[in-house]
Amino acid sequence: MDAIRVRGGKRLVGTIPVSGAKNAALPILCATLLSDGESTLRNVPALRDIDTTAALLEFMGRKVSCAPPVVTVGSRGPVRPEAPYEFVKQMRASVLVLGPLLARYGKVRVSLPGGCQIGTRPVDQHLKGLEALGATIQLSHGYIHAECGRLKGAEIVFDMPTVTGTENLMMAAALAKGRTTLVNCAEEPEVEELGRVLNKMGARVEGAGTHVMHIEGRDELDPFDHAVIPDRIEAGTYMVAAAMTRGDVLVDGAPLEHLEALVAKLKQAGVEVSREEGGVRVRVTDELRGVDVTTAPHPGFPTDMQAQLMTLMTLAKGKSVITETIFENRFMHVPELVRMGASIDVHGHTAVVTGVDSLEGASVMATDLRASASLVVAGLVASGETEVRRVYHLDRGYERMEAKLSRVGADIERVRGAEG
Ligand code: EPZ
C-alpha cells in the first residue's frame with residue numbers, strides 16, 4: 001500500500017486547480033443506465049471511485065470508456081442488472097445503480113452496502129422510497145432483490161435528508177409513470193447537478209437542490225453530454241491547507257457559492273477569504289482563533305469538511321467545540337492528530353479542541369477519505385516528517401493530491417508500496 005510522506009514547515013503559495021466533483025460524477029454515471037444512447041461526462045476527476053463505477057457499469061454490460069476527464073457510457077447489448085458485493089464493498093455509492101436499474105429493467109439484485117469506518121450507513125430510506133413507487137423488495141443473504149412493473153409516481157417523505165437516497169429516488173422517478181413528489185430532500189449541490197442532467201435527458205425535475213422536488217417521469221430518456229461541477233470538498237480541503245500553512249493560495253475554480261458555511265467559519269477563525277479570478281483566494285495574516293462548528297445537511301457545515309476544520313483548529317488560539325451530527329463515528333482522525341501533539345477531548349459526538357503552539361510529525365494511519373486528507377494537512381505544518389499510511393483512502397476522493405500540493409511549495413512525496 002502507498003504512503004504519503006510530508007515534511008512540514010513550508011508555506012503554500014500559488015494556485016491549486018480544483019477537479020470535478022466526485023459526489024456529482026458518481027450518481028451521474030449511474031444515471032447513464034436510464035438511457036440506451038452513448039452519454040458523455042466531462043470534467044470527471046481521475047479517482048479510484050470513478051474507476052470502480054466504470055468497472056461496475058462494464059460488468060453490467062455497458063460500453064464504457066473511462067479516460068478522465070472524459071468518461072463515455074453507451075450500450076453494448078443486454079444489461080445484467082446486478083451489483084455484486086465485490087463492487088459494493090469497494091464503494092458504498094454503488095448502491096446508486098439501484099434506482100436506475102429498477103426503473104429500467106424491473107428486476108435488480110444489488111448487494112447491501114453495509115457499513116464503513118464512519119458509520120452503519122443504512123439504506124432504509126432508499127428502499128422505502130422505491131416501495132412507494134411500486135417496487136417489491138426482499139433482503140436476503142446480504143442482497144437487495146427488487147422487482148416491479150412500470151414504477152408509478154408517488155409522494156415520498158424522507159425521514160431525514162439523505163444525499164444518495166434522494167439521488168436514487170430522482171433517477172427511479174425519472175422513468176416512473178406520472179408525477180413524483182420528494183419531500184425532505186437533501187439539498188447538496190451534487191443533488192442539484194443530478195437534476196440538471198436528468199432534465200437534459202428529457203425528464204422534468206423541478207426543485208432539485210431544495211427540500212421539495214417534483215419529477216414528471218418519461219417513457220424513455222435520452223443520453224447526455226455534460227461537464228460536471230467543481231468539487232467543493234476538495235476545494236475546501238485546499239483552502240484549509242492554505243490557512244494551516246499561513247500561506248497565500250488561489251484555489252482555482254472553487255465554487256464559492258457551494259461553500260458558504262465553510263467560508264463563514266474560516267472568516268470567523270481569522271482566515272482571509274476572497275473571490276478572485278473565478279476562484280477563491282485564501283490568506284492568513286493574523287492569529288487564528290478557535291471557532292465552534294456543528295455539522296449539518298447542506299447548506300449547513302458539511303460533515304465532509306469536519307476533519308479538515310478540526311485540524312486547522314488544533315493550532316488556533318483558544319478552544320473549539322466541534323459536533324458531528326451526521327455520522328456516528330467520524331472522529332477517527334482524533335487519535336492520530338493527538339499522536340501529532342494536538343489537544344483534543346472527545347465526549348460522544350462532540351470534540352473539544354484546545355489550540356497548541358505546534359504539531360510534531362509522526363507515522364499516522366488513514367481510516368476514511370476525509371480523515372486521510374486532514375492528516376496530510378496536519379503534516380504540512382508539523383515539525384519533521386509525517387508519513388500517512390493506507391492512502392488508498394485518499395486516492396478515492398482526491399486527484400493527484402501530492403502533485404497539487406507540491407506545485408505550491410509543499411515538501412511532499414508518495415512512497416510506493418510502503419507497509420500498511
Ligand atoms: C453522501 O453519503 C456522500 N457520498 C458522503 O460523502 C457524505 O458524507 C454524505 O452524503 C453526507 O453529506 C456520496 O455522495 C457518494 P446520507 P450518503 O445518506 O448519501 C442516514 C465522502 O467523503 N441515513 O446523506 O451515504 C445516514 O446514516 C462521502 O465523499 C439513514 O438513516 O449519506 C446518515 O446519518 C463520505 N437511512 C444520514 O442519513 C438511509 O436510508 C446522512 O446520510 C440513508 C441515510
Side-chain angles (χ1 to χ4, degrees), residues 19-31 45 47-50 52-53 56 88 90-99 110 112-132 137 139 144 156-171 182 184-194 209 211 228-229 231-237 258 261-262 295-308 323-330 332-333 349 366-374 393-399:
S19 302
K22 166 178 87 83
N23 289 350
L26 296 180
I28 293 169
L29 288 173
C30 295
L47 300 172
R48 281 182 67 229
D49 278 5
I50 298 296
T52 304
T53 305
L56 173 57
V88 181
Q90 294 179 60
M91 184 186 71
R92 296 187 60 266
S94 306
V95 75
L96 282 165
V97 300
L98 180 60
V110 173
L112 276 163
C116 70
Q117 295 271 13
I118 63 178
T120 54
R121 313 295 295 276
V123 291
D124 57 294
Q125 300 296 304
H126 302 232
L127 304 182
K128 180 185 92 169
L130 292 172
E131 284 176 331
I137 291 178
L139 305 182
I144 301 163
I156 296 160
V157 183
F158 292 107
D159 295 352
M160 82 292 291
T162 155
V163 173
T164 50
T166 301
E167 291 165 346
N168 244 331
L169 269 302
M170 288 167 73
M171 292 187 280
L182 302 178
N184 200 15
C185 299
E187 303 181 34
E188 273 69 4
E190 294 77 28
V191 172
E192 185 176 8
E193 179 76 342
L194 177 62
H211 67 290
V228 81
I229 52 172
D231 193 315
R232 62 194 168 98
I233 304 300
E234 184 201 22
T237 303
H258 298 158
L262 172 68
T295 63
H298 193 78
F301 188 93
T303 175
D304 292 348
M305 281 300 305
Q306 179 257 107
Q308 298 90 313
T323 304
E324 172 58 58
T325 68
I326 306 296
F327 292 114
E328 59 265 38
N329 187 32
R330 204 167 196 178
M332 271 91 53
H333 43 288
H349 290 251
T367 51
D368 71 274
L369 171 52
R370 307 306 173 179
S372 319
S374 69
H393 292 289
L394 205 67
D395 296 336
R396 295 190 50 185
Y398 289 91
E399 185 179 36

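Atoms within a ligand are numbered from 1 in the order they appear, just like the ligands themselves.
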- Note on the structure: atom 8 (O) of ligand 1 sits nearest the protein heavy atom Asp304 OD1, 2.6 Å

- Note on the structure: atom 14 (O) of ligand 1 sits nearest the protein heavy atom Asn23 CG, 3.4 Å

With atoms numbered from 1 as shown, which atoms in ligand 1 lie under 4.0 angstrom from a non-hydrogen atom of [X]?
X      : answer
Thr303 : 8 (O), 11 (C), 12 (O)
Arg121 : 2 (O), 17 (P), 25 (O)
Gln125 : 36 (N), 39 (C), 40 (O)

- Any Lys128 heavy atom less than 4.0 Å from ligand 1: no

- In short, Leu169 meets Gln125 closest at the heavy-atom pair CD2-O, 4.3 Å

- Message: Tell me whether Glu188 contacts the main-chain N or O of His298 through its side chain, where contact means a donor paired with an acceptor under 3.5 Å.
- Response: yes

- Message: Donor-acceptor check, side chain of Gln308 to backbone of Ala373, threshold 3.5 angstrom: yes or no?
- Response: no

- Task: Report yes if some N/O of Phe327 lies less than 3.5 Å from some N/O of ligand 1; otherwise report no.
- Result: no

- Message: Tell me whether Val163 has any N or O atom under 3.5 angstrom from an N or O of ligand 1.
- Response: yes

- Message: Applying a heavy-atom cut-off of 4.0 Å, say which part of Pro122 lies close to ligand 1: side chain, backbone, both or neither.
- Response: both

- Of the side chain and backbone of Glu328, name the one, both, or neither that has a heavy atom under 4.0 Å from an atom of ligand 1. neither

- Are Asp368 and Arg396 ion-paired here, with the side-chain N under 4.0 Å from a carboxylate O? no

- Task: List in chain and number order the residues that pass side-chain hydrogen bond (donor to acceptor under 3.5 Å, both in side chains) with Glu190, two or more places apart in sequence or in another chain; answer none if no residue qualifies.
- Result: Arg232

